[in-house]
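The block underneath contains the structure these notes are about, expressed in structure tokens.
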Amino acid sequence: MQKPENIVWEKDYLSRPDFEDLLGQKGCVLWFTGLSGSGKSTLAKATQKALHQLGRYAIVLDGDNIRHGLNKNLTFSEEDRNENIRRVSEVCKLLVNHGAIVITAFISPFRQDRINAKAVIGQESFKEVFVSTPLAVCIERDVKGLYAKAQRGEIKNFTGISQPYEEPLMPALSINTSEEHLEASVGRIVGLVSGS
Ligand SMILES: Nc1ncnc2c1ncn2[C@@H]1O[C@H](COP(=O)(O)OS(=O)(=O)O)[C@@H](OP(=O)(O)O)[C@H]1O
Ligand SMILES: Nc1ncnc2c1ncn2[C@@H]1O[C@H](COP(=O)(O)OP(=O)(O)O)[C@@H](O)[C@H]1O
């Protein structure tokens with residue numbers, strides 16, 4: 001990546017502790033990764049509600065929604081997925097530096113992209129949650145009918161069918177939604193948040 005030329009970093013804005021004091025919480029990112037249909041969005045919604053009820057300021061960035069706006073120019077090629085996760089990592093960094101608890105729900109199938117995200121956001125602030133629901137269960141659920149389309153060859157580069165998913169090696173949590181109730185999973189996820 002090239003260093004920006006003729007651009008000087010503008011200093012002396014309020015900093016992360018100022019916002020964390022204001023909000024009464026520590027910023028962090030709960031980074032959900034897993035196959036389509038594994039349960040990322042369902043867990044993200046339930047976790048956001050649980051944190052809200054605890055008086056926490058929690059923002060969700062969901063792949064489907066971000067791809068309608070900020071990242072609407074990106075496809076599902078490996079290169080565009082890299083760029084999707086790079087941009088989202090930078091957004092997470094901005095939000096965390098303003099004291100927010102950020103929940104992300106992106107397939108984020110490539111290990112190196114998640115390693116880069118952790119480096120951008122900061123090791124301590126990045127909690128990787130592997131939604132490990134097996135492919136067979138996701139295919140069986142086929143919430144949006146996309147697996148059937150991918151299997152018929154109507155969608156290319158589909159994760160788990162025609163593009164790889166690289167599992168996390170040391171996630172903070174693994175959640176197989178076909179084996180655990182939603183409430184139990186949310187309880188474990190909320191436990192990752194400092195002071196909860
Ligand atoms: N080719 C292909 N592969 C995977 N997923 C696809 C594809 N085409 C469309 N969709 C829909 O897009 C959602 C995934 O977007 P993400 O931004 O999370 O993907 S990625 O992180 O860049 O890999 C994903 O949402 P989820 O089902 O919520 O995971 C799908 O609904
Ligand atoms: N314990 C569970 N946790 C999360 N989702 C579950 C669970 N049990 C069943 N599901 C179902 O699995 C599907 C997961 O879909 P979704 O949350 O959209 O996944 P993703 O965002 O990973 O594509 C939903 O229909 C949800 O109701």
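Whatever order the structure lists them in is the order used to number ligands and atoms, beginning at 1.
- Surrounding OH of Tyr57 are at most 12 heavy atoms belonging to other residues, nucleotides or ligands under 6.0 Å away.
- If you number the atoms of ligand 2 from 1 as listed, the ones under 4.0 Å from a heavy atom of Glu180 come out as 1 (N).
- Here the side chains of Phe32 and Ser38 are not in contact, with every heavy-atom distance at 4.5 Å or above.
- Within ligand 2, counting atoms from 1 as listed, the ones closer than 4.0 Å to a heavy atom of Thr42 are 4 (C), 5 (N), 14 (C), 15 (O), 16 (P), 17 (O), 24 (C), 26 (C).
- Residue Thr133 places no heavy atom under 4.0 Å from ligand 2.
- Between Tyr147 and Phe158, the angle of the ring planes goes over 60°, which puts this pair in the perpendicular group of the 30/60° scheme.
- Cation-pi geometry between Arg67 and Phe76 is satisfied (NZ or CZ under 6.0 Å from the ring centre, within 45° of the ring normal).
- Taking every heavy atom of Val143 and a limit of under 4.0 angstrom, the matching atoms of ligand 2 come to 13 (C), 15 (O), 25 (O).
- Checked by distance only, ligand 2 and Lys144 stay at 3.5 Å or farther apart across all their nitrogen or oxygen atoms.
- Remark: Arg86 engages Glu83 in a salt bridge, criterion side-chain N to carboxylate O under 4.0 Å.
- When only modelled atom types and interatomic distance are considered, Asp113 and Ser108 share no side-chain donor-acceptor pair under 3.5 Å.
- At a 3.5 angstrom cut-off on N or O pairs, Gly39 counts as close to ligand 2.
- Heavy-atom contacts of Leu35 reach the following atoms of ligand 2: 22 (O) (cutoff under 4.0 Å).
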Between ligand 1 and the protein, which N/O pairs fall short of 3.5 Å?
{"residue": "ligand 1", "atom": "1 (N)", "partner": "Lys156", "partner atom": "O", "Å": "3.3"}
{"residue": "ligand 1", "atom": "1 (N)", "partner": "Asn157", "partner atom": "O", "Å": "2.9"}
{"residue": "ligand 1", "atom": "3 (N)", "partner": "Arg81", "partner atom": "NH2", "Å": "3.1"}
{"residue": "ligand 1", "atom": "15 (O)", "partner": "Arg67", "partner atom": "NE", "Å": "3.4"}
{"residue": "ligand 1", "atom": "17 (O)", "partner": "Arg67", "partner atom": "NE", "Å": "2.7"}
{"residue": "ligand 1", "atom": "17 (O)", "partner": "Asn84", "partner atom": "ND2", "Å": "2.8"}
{"residue": "ligand 1", "atom": "18 (O)", "partner": "Ile107", "partner atom": "N", "Å": "2.9"}
{"residue": "ligand 1", "atom": "21 (O)", "partner": "Ile107", "partner atom": "N", "Å": "3.4"}
{"residue": "ligand 1", "atom": "21 (O)", "partner": "Ser108", "partner atom": "N", "Å": "2.9"}
{"residue": "ligand 1", "atom": "22 (O)", "partner": "Arg67", "partner atom": "NH2", "Å": "2.9"}
{"residue": "ligand 1", "atom": "22 (O)", "partner": "Asn84", "partner atom": "ND2", "Å": "2.7"}
{"residue": "ligand 1", "atom": "23 (O)", "partner": "Arg81", "partner atom": "NH1", "Å": "2.7"}
{"residue": "ligand 1", "atom": "25 (O)", "partner": "Asp64", "partner atom": "OD1", "Å": "3.4"}
{"residue": "ligand 1", "atom": "25 (O)", "partner": "Asp64", "partner atom": "OD2", "Å": "3.2"}
{"residue": "ligand 1", "atom": "25 (O)", "partner": "Lys144", "partner atom": "NZ", "Å": "3.2"}
{"residue": "ligand 1", "atom": "27 (O)", "partner": "Ser36", "partner atom": "OG", "Å": "2.6"}
{"residue": "ligand 1", "atom": "27 (O)", "partner": "Lys144", "partner atom": "NZ", "Å": "2.8"}
{"residue": "ligand 1", "atom": "28 (O)", "partner": "Asp64", "partner atom": "OD2", "Å": "3.2"}
{"residue": "ligand 1", "atom": "28 (O)", "partner": "Lys144", "partner atom": "NZ", "Å": "3.1"}
{"residue": "ligand 1", "atom": "29 (O)", "partner": "Lys40", "partner atom": "NZ", "Å": "2.9"}
{"residue": "ligand 1", "atom": "31 (O)", "partner": "Asp64", "partner atom": "OD1", "Å": "3.2"}
{"residue": "ligand 1", "atom": "31 (O)", "partner": "Lys144", "partner atom": "NZ", "Å": "3.0"}

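- Listed by number with element, the atoms of ligand 2 under 4.0 Å from a non-hydrogen atom of Lys40 are 17 (O), 19 (O), 20 (P), 21 (O), 22 (O), 23 (O).
- The distance criterion of under 3.5 Å between nitrogen or oxygen atoms is not met by Leu43 with respect to ligand 2.
- At least one heavy atom of Ser38 lies less than 4.0 angstrom from ligand 2.
- The distance from ligand 2 to the heavy atoms of Ser36 drops below 4.0 Å at these ligand atoms: 23 (O).
- Using a non-hydrogen distance threshold of 4.0 Å, Gly34 does not register as a contact of ligand 2.
- At a 3.5 angstrom cut-off on N or O pairs, His181 does not count as close to ligand 2.
- In plain terms, the two heavy atoms of Glu78 and Gln163 that are nearest each other are N-NE2, 3.6 Å.
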